[in-house]
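For reference, the structure is listed below as structure tokens.
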Amino acid sequence: MAQPKRRKPPGRASEPVKEPVEPAPVVVSIARTPVWKLLEAGATVAAFLLSLGVFLLGGLQTLQGAEVVVLEPQYVYLYRDAPTPESDSLILAVEAGMINTARADYGDVAVEAFATLGGTSETEARFPYDASVEPVTHPHDEARVIDCPVDARCVTATGANPLRPGQMSLLIIERRSELLSIPGGSSRATWMSFAFGNCHGHPNTCARFSTFEGAMQELRNAPELAFEITLAFHSDGRKLLRCSLEETSESAREEFLTFLEERGWATLRCSRELQS
């Protein structure tokens, strides 16, 4: 006799088999690590210090202002100016080279300029900046006609001995004094003249420089044949130019001064040891 089939007891439906899932990798944010926070703080401090340095450098430049460098002259001219037969004077002509090493925002201007003779203090005798000049040397020619610019005064230096044809002559084209201004980051060179007859200081001392002959005697009596040019700038203070005769012997000085008297002009080459 056949056995009846047994029924399966009711139950849950069979669930599908799930594939094993791998765990997601753990991502650690470096922005949250102590090392990154330390680097971030260091970068912030570095940026702050850089900004502070730029600010302080700008403030220092503002406080310091213009920085003027003057160049020592290689030579100067001494000449006799005789505007009338009754009056004559010794004139010193110097080329002043000036450089302003500051930024373009910091210009400067010379508010005073004067010359002194070596061994004589500025309180005793100083000679203010008188005019801007252009020295021109050329062979002497009596037939030559000088065409002087309308805005200038032309001075031909004359001495005790008349020049012969072919000898070198000195022509000075003289104009009014210029304002010695130097914008930041620029340079300029100006020929300046100083008249020994225009003397400021002690009356008795200045009286000895009033004529060409008197000034020549003072050059002979000076401790050394040297000249100093003082430029007083508004921001950067005083600057000094100096030129002295290369040969320091008395015979060399006398030879130079005798030539100056005879020709009416001479070139004094400055001692190279004094060049900066």
Quick one: [atom1] on [X] to [atom2] on [Y], what's the gap to the nearest 0.5 Å?
{"X": "Asp151", "Y": "Glu174", "atom1": "CG", "atom2": "CD", "value": "11.5 Å"}
{"X": "Met216", "Y": "Leu78", "atom1": "CE", "atom2": "CG", "value": "8.0 Å"}
{"X": "Thr156", "Y": "Ile172", "atom1": "OG1", "atom2": "CD1", "value": "9.5 Å"}
{"X": "Cys270", "Y": "Glu72", "atom1": "SG", "atom2": "CD", "value": "8.0 Å"}
{"X": "Leu257", "Y": "Leu225", "atom1": "CG", "atom2": "CG", "value": "5.5 Å"}
{"X": "Leu241", "Y": "Leu71", "atom1": "CG", "atom2": "CG", "value": "8.5 Å"}

Might you point out which heavy atoms bring [X] and [Y] nearest each other, and give the distance in Å?
{"X": "Asp130", "Y": "Phe194", "value": "CB-CA, 4.5 Å"}
{"X": "Cys154", "Y": "Pro149", "value": "SG-CD, 4.0 Å"}
{"X": "Asn100", "Y": "Pro183", "value": "CB-O, 3.5 Å"}
{"X": "Cys206", "Y": "Glu124", "value": "SG-O, 4.2 Å"}
{"X": "Leu92", "Y": "Ala115", "value": "CD2-CB, 4.1 Å"}
{"X": "Cys199", "Y": "Ala125", "value": "SG-CB, 3.7 Å"}

Ignoring hydrogens and geometry, is there a side-chain-to-backbone donor-acceptor pair from Ser89 to Gly197 under 3.5 Å? yes
Check whether any side-chain N or O of Asp108 sits under 3.5 Å from a backbone N or O of Ile182 as a donor-acceptor pair, and report yes or no. no
Aromatic contact between Tyr75 and Tyr77, with the criterion being ring centroids under 6.0 Å apart: yes or no? yes
Student check: side-chain heavy atoms of [X] and [Y] closer than 4.5 Å:
{"X": "Leu231", "Y": "Phe114", "answer": "no"}
{"X": "Leu171", "Y": "His138", "answer": "yes"}
{"X": "His202", "Y": "Thr123", "answer": "no"}
{"X": "Glu213", "Y": "Leu90", "answer": "no"}
{"X": "Pro128", "Y": "Glu112", "answer": "no"}
{"X": "Asp81", "Y": "Phe212", "answer": "no"}
{"X": "Arg175", "Y": "Arg153", "answer": "no"}
{"X": "Phe227", "Y": "Val94", "answer": "no"}

Step by step, would you call Leu179 with Val109 a side-chain contact (heavy atoms from CB on, under 4.5 Å)? CA-CA 7 Å; Leu179 181 67; Val109 59; 3.5 Å; yes
Are [X] and [Y] grouped together when hydrophobic residues (ILVMFWY) are joined by side-chain heavy atoms under 4.5 angstrom apart?
{"X": "Phe256", "Y": "Tyr79", "answer": "no"}
{"X": "Ile91", "Y": "Leu117", "answer": "no"}
{"X": "Trp191", "Y": "Leu180", "answer": "no"}
{"X": "Leu170", "Y": "Ile173", "answer": "no"}
{"X": "Val133", "Y": "Met98", "answer": "no"}

Modelled atom types, side-chain donor and acceptor of [X] and [Y], under 3.5 Å:
{"X": "Arg80", "Y": "Thr158", "answer": "yes"}
{"X": "Glu122", "Y": "Thr116", "answer": "no"}
{"X": "Arg242", "Y": "Ser244", "answer": "no"}
{"X": "Thr258", "Y": "Glu254", "answer": "yes"}

Step by step, would you call Ser186 with Arg188 a side chain to side chain donor-acceptor pair (under 3.5 Å)? CA-CA 7 Å; Ser186 68; Arg188 67 174 295 172; over 6 Å; no
Does a side-chain N-to-carboxylate-O contact under 4.0 Å join Arg269 and Glu247? no
Check this for me, if you would: do Glu67 and Lys239 make a salt bridge, where the nitrogen-to-carboxylate-oxygen distance has to be below 4.0 angstrom? no
Does the side-chain contact (heavy atoms from CB on, under 4.5 Å) test come out yes or no for Thr211 and Asp88, once each step is laid out? CA-CA 6 Å; Thr211 64; Asp88 58 5; 4.1 Å; yes
Determine the interplanar angle of the Phe209 and Phe196 rings, folded into 0 to 90°, and report it as parallel if under 30°, tilted if 30 to 60°, perpendicular if over 60°. tilted
Stepwise side-chain contact (heavy atoms from CB on, under 4.5 Å) check, Gln167 with Arg263: CA-CA 10 Å; Gln167 288 184 323; Arg263 293 288 184 89; 3.3 Å; yes
Heavy-atom count around Glu224 CD within 6.0 Å, excluding the residue itself: above 12? yes
Evaluate side-chain contact (heavy atoms from CB on, under 4.5 Å) for Ser193 paired with Phe127, printing each intermediate quantity in order. CA-CA 10 Å; Ser193 71; Phe127 314 102; over 6 Å; no
